[in-house]
Amino acid sequence: MTQNRSPESDAVLGPEDRLSRLEAQVATLAEAVRVLARGLENIPSQDVSPEEAERGARLAHELLLSQGL
């Protein structure tokens with residue numbers, strides 16, 4: 001997945017703005033990984049349906065798309 005931002009737009013932003021953008025992207029990626037891991041979790045005492053994994057993957061994908069990642 002790549003972003004459609006030009007290098008020129010990054011050059012216009014100051015270091016604080018770029019850092020804020022990076023922090024938001026990392027937070028989104030971390031949340032996407034948490035959602036995906038939750039969907040893939042296999043708890044021995046419970047039967048986890050394949051739908052749970054699909055739901056986690058879909059939610060993670062939607063999170064990434066919503067942030068342009």
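We're numbering straight along the sequence, starting at 1. Just so it is clear, the values below take in all heavy atoms, side chains as well, and ignore hydrogens, waters and symmetry mates.
Between the CG atom in L22 and the CG atom in L29 there is a gap of 9.5 Å [rounded to 0.5 Å]. Rounded to the nearest 0.5 angstrom, R21 CZ and Q67 CD are separated by 11.5 Å.
Checked against L63 for a side chain to side chain contact (heavy atoms under 4.5 Å, CB included), the options L36, V33, V35 give a single hit: V35.
Within 6.0 Å of CD in E51 there are more than 12 heavy atoms belonging to other residues, nucleotides or ligands.
Of all heavy-atom pairs between R18 and L13, the closest is NH1-O, 3.7 Å. The two residues A32 and A60 make their nearest non-hydrogen contact at O-CB, 3.4 Å.
At a threshold of 4.5 Å between non-hydrogen side-chain atoms, the residues H61 and R58 do not count as touching.
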